[in-house]
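Each ligand, and each atom within it, is numbered from 1 in the order the structure gives. Quick caveat, the model's predicted, so the values are computed rather than measured. The residues of the chain are indexed from 1 along the displayed sequence.
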Amino acid sequence: MTATSAPLVQRIVVKKPGGFEQLQLTEEAPRPLGPGEVRIDVRAAGVNYADAMVRRGLYRTAKKYFGYPLAPGFEVAGVITEVDPAVTDLKVGDRVIAVTLFGGYSSELTVPRSLVFPLPEGWTFAQGAAFPAVYMTAWFALCELAHPRPGATILVHSAAGGVGTALVRLGKIMGLTVVGVVGASHKVEVARAAGCDHVIDKSTQNLWKEAERHAPKGYDVVLDANGVETLGESYKHTAPVGRLVVYGFSTMIPKTRSGRTNWMKLAFDFLRTPRFSPLDLTEKNRSVLAFNLSDLFTRQDLLATAMKDLYGWLQQGLLPPSNPRTFAFSEASEAHRQIESGQTTGKLVLLS
Ligand SMILES: NC(=O)c1ccc[n+]([C@@H]2O[C@H](COP(=O)([O-])OP(=O)(O)OC[C@H]3O[C@@H](n4cnc5c(N)ncnc54)[C@H](OP(=O)(O)O)[C@@H]3O)[C@@H](O)[C@H]2O)c1
């Protein structure tokens, strides 16, 4: 039961889509616990590039199913403070990680039991909150969609980023040769430390010439969340029977001081984004796959399989905890400014 005198819940809410200033700290009454749910005292919330798309109003699921005002955030770590009687395998005081379709930027969260997982032994809350979204994304891209065979060669764009480092780590677990691409020289060591066999620094090197040098016959899998700037060449550098996995469009969003959307550029980039013809795909013998994680929150079968694999690798010591950069909850705008700068490495996390 929720006590009526329970403290107010702090949430970082996007009042209406827009720039960094739209992220505002609000206080709300706690939500009642639903059947089969648990209440979590959130200690850390992961920040993802997708949260910035939610803030900008460019994340379709946010608009379609929820609308604004809306608290962004797909992942948290914290301590369970209340458990619905239908939940028998978790208890108050358990340290957990949870995923959520929005609402993670909150000091407290109620979520269905199926979205809650144990915080690995010895991990901080920040490390826990940095884990699920990027690894679920990487798992879905590599293990579910592309599933390359051991020995295959893959090209990972933005290999020093949140999803990028997760893709590199999973690629190495799967026995792949991983070529990572980064957009700035300070990211080279981060990509290498994640496990890249080769790193291409596209700020100083010719990306596609280097990519050809490392895989003259093309790549078995290319993982591209850049969109318009690299998608055409990513397709060309996918080997016959290979797969191009598309999962984001970051280069459509200019790095601006305000965080507001440049609709002219967006429209222009939309028009010049490559279209893939079924005739060409068949003739070239390549596949283009694309996804977004939103549906994974309701696909218990996929989520459970992803987490079983990921926790299995964790227990074998194959997935070390990350070292996320942390911000206070009140600094959510700054965290968005940083992730949109394109200069960050690894994960960003808000501490409550
Ligand atoms: N489909 C899905 O379900 C799903 C789920 C999670 C994430 N994503 C996508 O995966 C990508 C990575 O997400 P993340 O949270 O891990 O972020 P991140 O990789 O840590 O940060 C974004 C990176 O994208 C690159 N980039 C290219 N153009 C950019 C621009 N105009 N502005 C900012 N960055 C730009 C930069 O790396 P380099 O310069 O080194 O390339 C930057 O560091 C995003 O596009 C995100 O939307 C998709």
Side-chain angles (χ1 to χ4, degrees), residues 45-56 58-62 72-75 99 101-102 104 129-142 144-146 155-169 180-192 194 196 199-205 207 223-231 234 245-257 259 261-262 265-266 269 289-297 299 302-303 306 322 324-325 335-349:
V47 175
N48 291 283
Y49 189 80
D51 300 341
M53 298 307 103
V54 172
R55 193 203 70 241
R56 287 170 179 267
L58 299 174
Y59 201 95
R60 193 190 292 256
T61 318
F74 294 104
E75 55 191 349
V99 292
L101 196 50
F102 313 114
F131 178 69
V134 292
Y135 275 103
M136 277 164 55
T137 306
W139 178 90
F140 194 79
L142 271 183
E144 186 69 14
L145 289 187
L155 185 76
V156 178
H157 287 285
S158 306
V163 178
T165 49
L167 282 167
V168 174
R169 286 193 198 285
V181 182
V182 297
S185 300
H186 69 276
K187 300 182 177 185
V188 171
E189 272 318 307
V190 177
R192 205 164 271 144
C196 283
V199 181
I200 303 170
D201 175 359
K202 66 180 181 184
S203 72
T204 59
Q205 293 176 291
L207 163 56
L223 298 129
D224 191 323
N226 283 326
V228 65
E229 293 301 336
T230 54
L231 209 45
S234 288
V245 182
V246 182
Y247 66 101
F249 301 90
S250 317
T251 58
M252 290 172 96
I253 307 297
K255 299 160 189 168
T256 59
R257 285 162 65 110
T261 299
N262 178 337
K265 173 170 167 51
L266 206 62
D269 282 353
L289 303 157
F291 72 100
N292 77 76
L293 271 194
S294 304
D295 292 309
L296 221 65
F297 293 86
R299 283 289 303 268
L302 285 174
L303 186 59
S322 63
R325 181 165 168 204
H336 275 220
R337 189 173 280 111
Q338 292 293 328
I339 202 160
E340 287 194 37
S341 73
Q343 297 302 307
T344 57
T345 57
K347 280 283 302 190
L348 311 187
V349 162

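- Nearest non-hydrogen protein atom to atom 5 (C) of ligand 1 is T137 OG1, 3.3 Å.
- Salt bridge status for E229 with K202: absent, with no side-chain N to carboxylate O gap under 4.0 Å.
- By the salt bridge (Lys or Arg N to Asp or Glu O under 4.0 Å) test, R337 pairs with E334, sequence neighbours left out.
- In this structure E189 satisfies the side chain to side chain contact (heavy atoms under 4.5 Å, CB included) test together with R192, sequence neighbours excluded.
- Listed by number with element, the atoms of ligand 1 under 4.0 Å from a non-hydrogen atom of V182 are 40 (O).
- The option with the heavy atom closest to atom 10 (O) of ligand 1, from among Y49, Y247, F140, is Y247.
- With respect to atom 23 (C) of ligand 1, the closest heavy atom belonging to the protein is S158 OG, 4.2 Å.
- Considering both main-chain and side-chain atoms, V181 never comes within under 3.5 Å of ligand 1 through any nitrogen or oxygen pair.
- Checking side-chain atoms of S250 against main-chain N and O of A225 turns up a donor-acceptor pair under 3.5 Å.
- For atom 18 (P) of ligand 1, the closest non-hydrogen atom on the protein side is G162 N, 3.8 Å.
- When the options N292, L145, L223 are evaluated for a side chain to side chain contact (heavy atoms under 4.5 Å, CB included) with Y247, the one that passes is L223.
- Salt bridge status for D295 with R299: absent, with no side-chain N to carboxylate O gap under 4.0 Å.
- Counting only non-hydrogen atoms, the option in V163, T230, D201 that gets closest to atom 16 (O) of ligand 1 is V163.
- If you check the side chains of N226 and T251, you find no donor sitting under 3.5 Å from an acceptor.
- Heavy atoms of H157 come nearer than 4.0 angstrom to ligand 1 in no pair at all.
- Given atom 37 (O) of ligand 1, the protein heavy atom at minimum distance is K187 NZ, 3.1 Å.
- The heavy atom nearest to atom 45 (O) of ligand 1, out of those in S250, A191, G46, A159, is found in S250.
- Closest to atom 33 (C) of ligand 1, if we only count protein heavy atoms, is E340 O, 3.5 Å.
- Less than 4.0 angstrom separates some heavy atom of I253 from each of these atoms of ligand 1: 30 (C), 31 (N), 32 (N).
- Polar contact check, F291 against ligand 1: a nitrogen or oxygen pair lies under 3.5 Å apart.
- Between E75 and V134, the shortest heavy-atom contact is OE1-N, 4.5 Å.
- Of the protein's non-hydrogen atoms, the one nearest atom 42 (C) of ligand 1 is G342 CA, 3.7 Å.
- Protein heavy atom closest to atom 3 (O) of ligand 1, with residue, atom name and distance, is L293 N, 2.7 Å.
- Only the side chain of N226 comes within contact range of ligand 1, with a heavy atom under 4.0 Å; no backbone atom does.
- Closest to atom 19 (O) of ligand 1 among all protein heavy atoms lies G161 CA, 3.5 Å.
- Against a heavy-atom cut-off of under 4.0 Å, N292 is close to the following atoms of ligand 1: 1 (N), 2 (C), 3 (O).
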